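The structure under discussion appears below in the form of structure tokens.
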Amino acid sequence: VDAVDALNYAALACLPPARATQVRLRAGQPARCTFEMAVASAQGAILRIGCVPPEDPDGIDRAVVAAGTADVAIAVVGTTEQDEHESGDRATMTLPGRQDELVRKILAVNPATVVVVNAPGAVDLSCARSARALLHAGFGGQEMSAAIAAVLSGAREPGGRLPFTIARSAADYPVLSVVPEDNHVIRYDEGLFIGYRHFDRRSIEPEFCFGHGLGYTTFAFEDMRLSAGRVQPGDNVTVDVKVRNTGPRTGKAVVQVYVVPPDTDGSRPPRELRAFTALTLEAGEYRVVSVVLTPRSFARWDEAAHCWAITPGAYRVEAGRSARDICLRLAVTVEPEASA
């Protein structure tokens, strides 16, 4: 088996079962199971057989009892390699199995509950709305447990920000099907309006918005200045933002700069992230950070002309903590391109 075949096999090994059946076993007694697989003559195939132990019928009840007697409960939920794998997509945003039920029952007996989500993408987190704290940990690798312990204990700052939007309902997402048509073509009818752009366009309130993230301190965005209020289509614009740590301890802030276009025909997203930068500040410290908006920050792709084009007019530059937490706004006008 060469390296390529080994990688392909590793990916296939993570696929969920195509067929499954339940068999009651007796200790020491063999059981026969028969499987049939049709194989096309021109294609390779792998038959993978495995077993899953029966679910603990009292597992949730025992977890609820333990949570009810604890000062703080930590519920770890998420997806596994059976749900997240190459060449396949999840069919639902719901947490697999009875994890929703587990979280709701633990929260009912212990409001001081931290929910840790071990998933690489968005999942339905409506079950955790009343949790004291929510940590989206992603797939953190072999040091994930140590990292989570450091964050939960307060030894490290949870400085990450969401790179996607988590909706309150699966129906709020712009894409629910990625199944090809009969001609093997997948249509992305949402166009430019993916992620937070879709939620802004439709004025949909998400569960957690793009760019969101909390830590153990607080920050104030106190001032913003632009290098110019009127620019030519080929000019850069420098954005200076003054940020102060107003909390009790050192922490990390992420300054996100969005651009709102002057177009009013609805063909462009209402706002787009065009620059961001992170900074660590001690308690009470402030700093002025600078980011540069290039001409591409104001441009859109012109399909007819096959090039980037800038619509002249009044743009708005916004700085904030997330796509839905905008703190500062300033206007900049892009002049029409001078004619020859």
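Model, not experiment: these values are computed from the prediction.
Of the residues H212, R168, R129, the one that meets the side chain to side chain donor-acceptor pair (under 3.5 Å) test with E207 is R129.
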Identify all side-chain donor-acceptor contacts of residues 291-298 below 3.5 Å with residues at least two apart in sequence or on another chain.
{"unit_1": "T294", "atom_1": "OG1", "unit_2": "R296", "atom_2": "N", "d": "3.4"}
{"unit_1": "S297", "atom_1": "OG", "unit_2": "T294", "atom_2": "N", "d": "3.2"}
{"unit_1": "S297", "atom_1": "OG", "unit_2": "T294", "atom_2": "O", "d": "3.2"}

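Separating the OG atom in S322 from the CG atom in L273 is a distance of 11.0 Å, to the nearest 0.5 Å. Within the model, atoms OH of Y258 and CZ of F276 stand 10.0 Å from one another, a figure rounded to the nearest 0.5 Å.
At most 12 non-hydrogen atoms from other residues, nucleotides or ligands lie less than 6.0 angstrom from CZ of R225. Annotation for D71: atom CG does not count as buried by contact number, only 12 or fewer foreign heavy atoms lying within 6.0 Å.
Under a 4.0 Å N-O distance rule, the pair R197/E190 does not qualify as a salt bridge.
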Run the side chain to side chain contact (heavy atoms under 4.5 Å, CB included) test on F199 and Y173 for me, step by step, so that the C-alpha distance in whole Å, both residues' side-chain angles and the decisive distance to 0.1 Å come before the verdict.
CA-CA 8 Å; F199 287 81; Y173 289 107; 4.2 Å; yes
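R287 and T280 get closest at one heavy-atom pair: NH2-O, 3.0 Å. Across every non-hydrogen atom of V254 and G159, the tightest pair is CG2-O, 4.4 Å.
Applying the side-chain hydrogen bond (donor to acceptor under 3.5 Å, both in side chains) rule to E101 yields the partners R98, K105; only residues at least two apart in sequence or on another chain are considered.
By the criterion of side-chain heavy atoms lying less than 4.5 angstrom apart, applied directly or through intervening Ile, Leu, Val, Met, Phe, Trp or Tyr residues, L328 is grouped together with V237 in one hydrophobic cluster.
Apart from V23 itself, the hydrophobic cluster it occupies contains L25, where clustering links Ile, Leu, Val, Met, Phe, Trp and Tyr at side-chain heavy-atom distances under 4.5 Å.
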